[in-house]
Amino acid sequence: MAYWLMKSEPDVFGIDHLAAMPDGTDHWDGIRNYQVRNMIRDRMQPGDQALFYHSNTKPPGIAGLMEIVSEPYIDHTAFDPEAKYYDPKSDPDKPRWYMVDVRYTRHFDRYIPLDELKQRPELAEMKLVQKGNRLSIMPVTEDEWQAILAMEKEGA
DNA sequence: GCCAACGTTGGC
DNA sequence: GCCAACGTTGGC
């Protein structure tokens, strides 16, 4: 089982939106970055756990937990000219983009802002806190996962 | 295959 | 709203 951090803009789709979905489940579509695509397609598995990260908001931070509940599958929204993330170059015969289904687990007892994550020596290696990082999904190590869950319990 | 121009991400 | 970082595109 692997751990992940997945970013979304709460104004567009935040943890509350996911929690409100039937069965707390939705597909995580719109990935249009090859590095991220490869991680999804090649490494994500049902049962993997993920941190729900709120980006482009004040302050950015980790809002809660979710679980990967499907195998990776073709992101069909890429074929739909009406869809927000339509990609005319993705051919149904040779699809470019993949997604997974995720299910809401819970909100964190408290929101953990990016500022605080940056202060933790244990998390210094995370892509998240490094400059210029643009991955919307990134792997999280076991140690980092445990450190973040501990921060939730510690309080600010 | 190079690389300048352009677009996007996302913190601030 | 700004802008640094960096991925993608397309002319050559």
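Letters go in sequence order (proteins before strands), and every chain restarts at 1.
With a 4.5 Å cut-off on side-chain heavy atoms, A/Y111 and A/H54 count as touching. Looking at A/I15 and A/H107, their side chains come closer than 4.5 Å, going by heavy atoms from C-beta outward. Residues A/P139 and A/M39 form a side-chain contact, since some pair of their non-hydrogen atoms from C-beta on lies under 4.5 Å apart.
Counting 5' to 3', DNA chain C first comes under 4.0 angstrom of a heavy atom of chain A and last does so at the ends given by C/dA5 to C/dG10.
The hydrophobic clustering, which links ILVMFWY residues whose side-chain heavy atoms are closer than 4.5 Å, places A/I31 and A/M66 together.
Nearest-nucleotide positions on DNA chain B place A/R134 closer to the 5' end than the other of A/Y53 and A/R134. When each of A/R32 and A/N56 is assigned the nucleotide of DNA chain C bearing its nearest heavy atom, the one mapping closer to the 5' terminus is A/N56. Each of A/Q35 and A/K89 was matched to the nucleotide of DNA chain C holding its nearest heavy atom; the match closer to the 5' end belongs to A/Q35.
Residue A/L128 is classed as having no contact, given no heavy-atom separation below 4.0 Å to the nucleic acid. Using a 4.0 Å heavy-atom distance criterion, A/K7 is classed as a sugar-phosphate-only contact.
No option in A/W4, A/F52, A/W97 other than A/F52 meets the ring pair (Phe, Tyr, Trp, His ring centres under 6.0 Å) test with A/W28.
Atom CD of A/E9 has more than 12 heavy atoms from other residues, nucleotides or ligands within 6.0 Å.
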